[in-house]
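Below is one structure, written out as structure tokens, with a few remarks after it.
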Amino acid sequence: MGRDHRSRSRPAGLAGFRQDVVAGLSLPQKTLPPKHFYDAAGSRLFERICRLPEYYLTRAELALTRAHLPAIARFAGTGGILLEYGSGESLKTRLLLRAMRPSVYMPVDISQDALRLAGAKLAREFPELRIAPVAGDFSRPLDLPRLAGRDRLVYFPGSTIGNLTPQEAQAFLRMTRGQVGPRGAMLVGVDLKKDANVLHAAYNDARGVTAAFNLNLLKRINRELGGDFDLRRFSHYAFYNAPLGRIEMHLVSLGAQTVNVGDHRFGFAAGESIHTENSYKYSIAEFQALAAQAGFRGARVWTDRRGLFSLHGLIAD
Ligand code: SAH
Ligand code: AVI
């Protein structure tokens with residue numbers, strides 16, 4: 001994803017998906033943006049990943065949020081607007097909703113299905129809560145509904161920020177800095193650097209759910225863009241790239257082949273890959289330095305007992 005990824009001129013929806021796929025598959029290292037994983041099936045597969053024994057991220061973030069909830073709620077404040085990016089099934093959010101009692105909860109997600117399902121469940125569980133969902137892409141400038149004057153807290157859990165390059169993460173943080181205003185607060189969940197074997201297992205689970213999540217992107221291209229990817233001829237590959245501090249996910253072509261997407265043809269050599277996702281891992285100091293470059297001061301940081309995951313409380317300088 002380059003700088004133009006954030007520009008207003010790129011179309012959204014199906015046209016944007018087509019443009020990203022054709023551009024990405026035309027690069028020397030074929031690449032697809034991870035935001036396109038999340039159709040209805042992709043969102044369901046991600047929810048299954050969160051419950052896998054190897055995928056420690058969700059459990060660690062839930063545990064640290066439970067353990068430090070009073071301090072997190074004091075940092076976040078009560079009664080304001082809770083704006084969450086990449087809300088998905090709004091799992092950890094329930095803890096914050098109970099502790100913060102916001103006036104409005106504004107979940108923002110690219111997946112309409114995830115937003116609809118999570119919204120319906122939350123409305124049953126929190127009948128008093130005003131929910132204002134926004135279906136949108138946070139990698140481009142977003143017009144959010146203007147809600148009268150209360151304080152805003154931006155919540156970005158799950159280490160979804162790790163799916164952006166450090167440059168994109170900084171651009172995202174600068175955008176949110178404008179949304180929270182001076183001295184505004186943000187809570188960001190960030191996966192920590194750790195033993196490469198633990199990372200490897202989390203992205204190569206024994207049941208093959210992560211592989212199905214990765215391959216679902218090709219299914220989505222076939223269904224929505226008239227592609228003819230043969231899923232049996234691509235395989236999931238994920239590894240920790242230590243020098244760059246990131247897990248990389250790829251789909252590797254199992255032989256020489258040609259694939260059509262609508263009117264476009266793409267040749268694959270045997271062993272050639274499509275790079276589908278990065279998942280950056282940061283030390284606490286690395287993430288605080290990144291946030292500082294975007295104008296945020298790292299005011300608080302909470303971790304789980306095992307030191308797997310971090311939640312940063314940032315304040316706009
Ligand atoms: N916050 C949840 C879900 C994380 S999965 C958790 O912590 O478990 C990442 C979520 O971000 C998905 O629901 C996906 O649909 C959403 N997402 C990914 N890229 C996005 C983008 N560019 N704009 C908006 N939402 C995005
Ligand atoms: C959403 N995001 C933080 C997940 C991650 O761990 O990078 C997506 C994911 N990819 C493979 N497994 C989970």
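Position 1 is the first residue of the sequence; numbering continues from there. Counting convention: from 1, in listed order, for ligands and their atoms alike.
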[X]-[Y] side chain donor-acceptor pair, cut-off 3.5 Å:
X: Ser90; Y: Tyr105; answer: yes
X: Ser279; Y: Tyr203; answer: yes
X: Ser139; Y: Asp137; answer: yes
X: Tyr56; Y: Asp191; answer: yes
X: Ser310; Y: Thr303; answer: no
X: Glu248; Y: Asn241; answer: yes
X: Ser43; Y: Asp113; answer: no
X: Glu272; Y: Ser253; answer: no
X: Asp39; Y: Asn216; answer: yes

Closest non-hydrogen protein atom to [atom], residue and atom name please, with distance?
atom: atom 25 (N) of ligand 1; answer: Ile110 N, 3.1 Å
atom: atom 7 (O) of ligand 2; answer: Ser279 OG, 2.6 Å
atom: atom 5 (S) of ligand 1; answer: Phe46 CE2, 3.3 Å
atom: atom 9 (C) of ligand 2; answer: Glu277 OE1, 3.6 Å
atom: atom 2 (N) of ligand 2; answer: Asn163 OD1, 2.9 Å
atom: atom 6 (C) of ligand 1; answer: Lys92 NZ, 3.2 Å
atom: atom 15 (O) of ligand 1; answer: Asp109 OD1, 2.5 Å
atom: atom 4 (C) of ligand 2; answer: Tyr55 OH, 3.3 Å

Distance under 4.0 Å to a non-hydrogen atom of [X]: what atoms of ligand 2 satisfy this?
X: Ser159; answer: 3 (C)
X: Tyr38; answer: 1 (C), 8 (C)
X: Phe46; answer: 1 (C), 4 (C), 8 (C), 13 (C)
X: Thr160; answer: 1 (C), 3 (C)
X: Gly158; answer: 3 (C)

- Query: For atom 2 (C) of ligand 1, which candidate among Ser43, Pro33, Gly158, Gly86 holds the nearest heavy atom?
  - Reply: Gly86
- Of the listed options Phe156, Tyr38, Tyr85, Phe138, closest to atom 21 (C) of ligand 1 (non-hydrogen atoms): Phe138
- Can you find a non-hydrogen atom of Pro34 under 4.0 Å from ligand 1?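 Judged by the 4.0 Å heavy-atom criterion, Pro34 does not count as contacting ligand 1.
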- Task: Check whether any side-chain heavy atom of Val104 sits under 4.5 Å from a side-chain heavy atom of Leu82, and report yes or no.
- Result: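 Answer no - side chains too far apart.
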Consider every N or O of [X] and every N or O of ligand 1, then say whether any pair is closer than 3.5 Å.
X: Cys50; answer: no
X: Asp137; answer: yes
X: Ala114; answer: no

- Message: Applying a strict under-4.5 Å side-chain criterion to I, L, V, M, F, W and Y, I'd like to know whether Phe37 and Ile161 cluster together.
- Response: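 Different clusters.
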- Ring centroid separation His36 to Phe17 under 6.0 Å: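 Aromatic pair counts; centres sit under 6.0 Å.
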- Message: Is Tyr280 close enough to touch ligand 2? Criterion: a residue heavy atom under 4.0 Å from a ligand atom.
- Response: no
- Query: So is Gly162 in contact with ligand 2, going by heavy-atom distances below 4.0 Å?
  - Reply: no
- Within 45° of the six-membered ring axis of Phe229 and under 6.0 Å from that ring's centre, is NZ or CZ of Lys219 located there?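 Lys219 over Phe229 ring: no.
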Which ligand 1 atoms, with their elements, are less than 4.0 angstrom from a heavy-atom of [X]?
X: Lys35; answer: 19 (N), 22 (N)
X: Thr160; answer: 4 (C), 9 (C)
X: Gly136; answer: 23 (N), 24 (C)
X: Gly88; answer: 13 (O)

- Task: Anything under 30° is parallel, anything over 60° is perpendicular, the rest tilted; go ahead and classify His312 against Phe287.
- Result: tilted
- Phe37 contact mode with ligand 2 (heavy-atom cut-off under 4.0 Å):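 Phe37 to ligand 2: no contact under 4.0 Å from either part.
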- So which of Arg48, Arg51, Arg94, Arg116 actually passes salt bridge (Lys or Arg N to Asp or Glu O under 4.0 Å) with Glu89?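 Going through the options one by one, the only one that passes is Arg51.
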